[in-house]
There are 2 protein chains.
Amino acid sequence: MKETSTADFDKIDLKILRALQSDGRLTNADLAQRVNVSAATCHRRTQRLFDEGYITGVRAEVAPAAVGLGALVMVGVVLDRSTPESFAAFEGAAMELKEVLDCNLVAGDFDYLLKIRVRDMADFNKLHGEKLIALPGVRQTRTFFVMKEVKESARLPF
Amino acid sequence: MKETSTADFDKIDLKILRALQSDGRLTNADLAQRVNVSAATCHRRTQRLFDEGYITGVRAEVAPAAVGLGALVMVGVVLDRSTPESFAAFEGAAMELKEVLDCNLVAGDFDYLLKIRVRDMADFNKLHGEKLIALPGVRQTRTFFVMKEVKESARLPF
DNA sequence: GAGACAATGAAAGAAACTTCCACAGCAGAT
DNA sequence: ATCTGCTGTGGAAGTTTCTTTCATTGTCTC
């Protein structure tokens, strides 16, 4: 199981992955043409990429501001204790918070780094005071308000 | 221009946005059924959401490990000077680095927070030594290796 | 070469897309 | 109250696309 190295994709598979990463709603016919292969083959290839889990999903990206989520905030979290139970409890609770878009266990000055979307600063203050610092085992948080989203969710560079 | 508040969506629009956020490849027919509206209406609504920019794109999510990008790293960056030129130069250069998936200007201990994907630690070391610290105006960087991706790119909570 | 195997493209019935059209609901003016 | 314009709706129909089947091609091994 070589998880960290490229799976056995040929040039066609890679082209399909790249094309669908750019436009997930490409029709099979268009995709086939772009990849220089018949529709039938393209269909089979694409199906395989989905079935075998190389494509984990296709999502429409909704403009955050349009749905009242204009504010992006990063939060570093330090826990009280570094026990497996402590980590598990925090992770479980963080999973439940819908405002938490990403949650990563990291090595460095923090235990976790969270990416959070809310309507505005007032909303974040409320979330911070009522929910974040109340998450299990939280000793300290450090907030980084995002003032400008320079680059956001770029495509995977492969 | 009320950028931070919810645009004028009715319940149907919101349902469409949510459905496509979960599965961007839903056929118009399925979407129409799920939203309880005729195919024609659903098609028109969806088209509008794309045309008016409320859906900024539809992307297939490719399993990072499958394409040799198993390592995720967050990097905090502090610049030498806080001049507009300095920021612009850094942002321009960061945009060019394909390994940099996200780049955000933040308020707090750092000037920028970067999200980076590479094959492994060795790859990151190379990137860090050859490219990151060479970005224009960088005084200091702080690296956070992600040891566990607890939650990744969750859907927008609206 | 011969045989086994995997992958391919053409074809065709089924499904979906996308446009056109007539109609319903609603607001404002008369 | 009625008219009028406007917006949004669903049915229908022609066109496109999907998805399966099948015969064929190319490759590898012996």
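In what follows, every heavy atom counts, from backbone to side chain, and hydrogens, waters and symmetry copies are set aside. In the text below, chain A, chain B and the rest are named by the order of the sequence lines, each starting its count at 1. Remember, it's a predicted structure, so these values are computed and weren't measured experimentally.
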If you count every heavy atom of other residues, nucleotides or ligands that lies below 6.0 Å from B:Met121 atom CE, does the total exceed 12? no

For the pair B:Glu91 and A:Lys148, find out whether any cationic side-chain nitrogen is under 4.0 Å from an anionic carboxylate oxygen. yes

Would B:Lys115 and A:Asp102 pass as an ion pair if we require N to O under 4.0 Å? yes

I'd like to compare against my own output: the B/S/- annotation of nucleotides 16-22 of chain D with a strict under-4.0 Å heavy-atom distance to protein. -SSBB--

Please report how far the helix from C:dG1-D:dC30 to C:dT30-D:dA1 bends, comparing the axis fitted to its first five pairs with the axis fitted to its last five, to the nearest 10 degrees. 30°

Is it possible for you to say whether B:Phe145 and A:Leu79 belong to one hydrophobic cluster, with membership spreading through side-chain heavy-atom contacts below 4.5 Å? no

Inspect the contact between B:Asp30 and B:Arg25 and indicate whether a charged nitrogen and a carboxylate oxygen are less than 4.0 angstrom apart. no

When the distance from NZ of B:Lys11 to C1' of D:dG8 is rounded to whole Å, what number comes out? 18 Å

CZ of B:Arg34 versus P of C:dA16: gap in Å, rounded? 14 Å

Begin with the C-alpha distance, continue with both residues' side-chain angles, and end with the deciding distance and a verdict on side chain to side chain donor-acceptor pair (under 3.5 Å) for A:Arg59 and B:Ser22. CA-CA 6 Å; A:Arg59 332 218 90 94; B:Ser22 289; 5.2 Å; no

Is B:Arg117 reaching over with its side chain to a backbone N or O of B:Leu69, donor-acceptor style, under 3.5 angstrom? yes

How many Å lie between CG on B:Leu31 and P on D:dG10, as a whole number? 13 Å

Does A:Ile12 reach the side chain of A:Val37, with side-chain heavy atoms less than 4.5 Å apart? yes

So what does A:Arg48 hit on the nucleic acid, given a heavy-atom distance under 4.0 Å: a base, only sugar-phosphate, or nothing? nothing

Starting at atom CZ of B:Arg45, determine the distance to atom P of D:dG8, rounded to an integer number of angstrom. 7 Å

So, is A:Thr41 close to the C:dG9 phosphate, meaning a side-chain N or O under 4.0 Å from OP1 or OP2? yes

